[in-house]
Amino acid sequence: MTPIRPRGAPLTPLTAKERERFDFAVIAHWIPEGEHVLDLGCGDGRLLRYLNESKRITGYGVEIAHESVLGCIRNGVDVIQIDIEGGLSGFEDRSFSHAIISQALQAMHSTERILNEMLRVADEAIVSFPNFAYRVNREAIASGHMPVSEDLPYEWYDTPNVRFFTIADFEALCDKLGIAVRERLAFDAFGQPVTDDPNLNGSLAFYRLGRA
Amino acid sequence: MSLENSVGNVAPQRFCRNAPLALKGGGQLPSFELVYETYGTLNAARSNAVLVCHALSGSHHVAGTYADKPNSVGWWDNLVGPGKPLDTNKFFVIGVNNLGGCYGSTGPLSINPETGKRYGADFPLVTVEDWVAAQACLADDLGIDTWAAVIGGSLGGMQAIEWSLEFPERIRHAIAIASAPKLSAQNIAFNEVARQAILSDPDFHGGHYAEHGVVPTRGLRLARMIGHITYLSDDQMDEKFGRNLRNGEHSFSYGVDFEVESYLRYQGDKFAGFFDANTYLLTTKALDYFDPAYAYGGDLAAAFARARASFLVASFTTDWRFSPARSREIVFALMHNRRRVAYAEIDCDAGHDSFLLDDAHYHAVLRAYLENIKV
């Protein structure tokens, strides 16, 4: 993956828009042209539209929020309005090449079920999430406050997030569920790739997962 | 009712087909007529036509008003008109009364050319497939090769589905609202009770009541009352009527005590005053028989393999007659075939009847989908 900003560019945290584009680019990088994907918690369908326009990738989004479903329909994105907390019954086994959860797993309760379901309906799962153990977040906690940053842009009282986990936690869960990490990428808040101690230095984590 | 976005005064038109139509249940109609209305203008490319299919008691009168009857607003007027979600500035919209109907299309009230008398009970049982075949004849006559969309709620949604299966190349978008790929046992049971109410009315006379100068009003009335209970949600009934008393006290008689009784009687009476019992009977049978998966051993996904249209499927959370789970069956069958489909499950407390209402989010969904249709 090429960083979103050239080396030597001034180091300011990515804006929300840059972060989204970055997220999309990382995910698109992992999906071959023309594949058929499922995007869970797809919001207004921007990722699917991006995948379709950039790589002719087809598929469906899944959303529960009414406004997001409306947004998808406005964007011409095929969206299925169901609550994935209850699983993906009705979705056939291995009917997608990839099941994606982009920046949404932390806002869902049934983490284990969702991960298992993703790898039932798709050959691979792609998951991206904010790493709560990122240095800046640790510093916030150390100073006595819940972290608020570009990657965790909510106050504790209005956050949609319900699961607070780290890169280390996530990998432990994958191990427990028999899920193989096929590839992992971590980036700091400036969009620079992180290889050294990603659980400390990575703000955003991306995983390509398969069955172990 | 917003009059400024109304299509205004409308007049029904008549399409006559002087060629036989073979029916799915066997036999044929030697010829038939369909009464229909149009709103908006067919564009030069003939690419903007939208067919609106009606449900059990609906008609071709979808939008607008008849000049001589100011209260005759079409049944889906809140959806269809200039600037409305189904925008007649963009689309050429057609409403048609189905075969077997009682609003002017060939049906039990029509004269049977073979006997010179009304068909009555002799009118053949027509199916959703037959309706769509007849609608296709009308489309041919109007020079519409391909519908931009076919849209309907409930039984109307079944027709939209059937279009996508019977004429896959002639429909670009299918919009099925509060619909189902087939009726459940419970659905059929409700229909059977409604039919028995009519069939057991002493005024039914084996369906030839017209010859006896009577109408099986009591049966029709009961049928409609039963139907109405299933169209509303428990919550909505509670909200609308609760245990409110008509006259402020219990009468200890079989007269009207509760508001809900009054409502049902009113709806039953109103309906029995204009709807034809034979049409009601055959329409409920058309509903019961509809099951595109039947010919595929119950495999709905296999049935949908030939569909080419893009779909919008919508259901309502409080609809227990055609519940969201039934709409999801359609969605999953389409997904199996990798067809384009958007599915919205709309929060609306009005049960099955929600599809006729103008809930803001519901209409926003329809508007968004229809705006993206290229014409």
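Note on naming: letters A, B, ... go to the chains in the order of the sequence lines (proteins, then strands), and numbering restarts at 1 for each one.
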Report task. Heavy-atom pairs under 4.5 Å with chain A are the metric here; pick the option from B:L312, B:V341, B:V313 that has the most. Result -> B:V341
**Report entry** Taking every non-hydrogen atom, the tightest pair across A:G76 and B:N372
**Finding:** N-ND2, 3.6 Å
**Report entry** Under 4.5 Å from any heavy atom of chain B - which part of A:S68
**Finding:** neither
Report summary line: So CZ of A:R74 and OH of B:Y369: to nearest 0.5 Å the spacing works out to 15.5 Å
**Report entry** Atom pair CE/OG of B:M335 and A:S95 - distance to nearest 0.5 Å
**Finding:** 6.5 Å
Query raised in the report: By a 4.5 Å heavy-atom criterion (distance strictly below it), what part of B:R367 contacts chain A: side chain, backbone, both, or neither?
Result: neither
Query raised in the report: Does a sphere of radius 6.0 Å around OH in B:Y296 hold more than 12 heavy atoms from other residues, nucleotides or ligands, not counting ones at 6.0 Å or beyond?
Result: yes
Query - chain A contact via B:I373 - side chain, backbone, both or neither, heavy atoms under 4.5 Å - result: neither
Report task. First locate atom CD of A:Q81, then atom OG of B:S327, and finally report the distance between them rounded to the nearest 0.5 Å. Result -> 11.5 Å
**Report entry** Between CD on residue B:E345 and CG on residue A:D83, distance to nearest 0.5 Å
**Finding:** 9.5 Å
Query raised in the report: Side chain, backbone, both or neither: which part of B:E371 has a non-hydrogen atom closer than 4.5 Å to chain A?
Result: neither
Query raised in the report: Of all heavy-atom pairs between B:A342 and A:D78, which one has the smallest distance, and what is that distance?
Result: N-OD1, 4.4 Å
Query raised in the report: OH/B:Y343 to CD1/A:I82 distance, rounded to the nearest 0.5 angstrom?
Result: 9.0 Å
Requested in this report: To the nearest 0.5 angstrom, please state how far the CD1 atom of B:I346 sits from the NE2 atom of A:H66.
Outcome: 8.5 Å
Query raised in the report: Minimum heavy-atom separation for B:A364 to A:L70, with atom names?
Result: O-CD1, 3.4 Å
Requested in this report: Under 4.5 Å, counting heavy-atom pairs only, tell me which of B:H361, B:R338, B:R328 racks up the most with chain A.
Outcome: B:R338
Query raised in the report: A:E92 and B:H336: which non-hydrogen atoms are nearest, and at how many Å?
Result: OE1-ND1, 2.6 Å
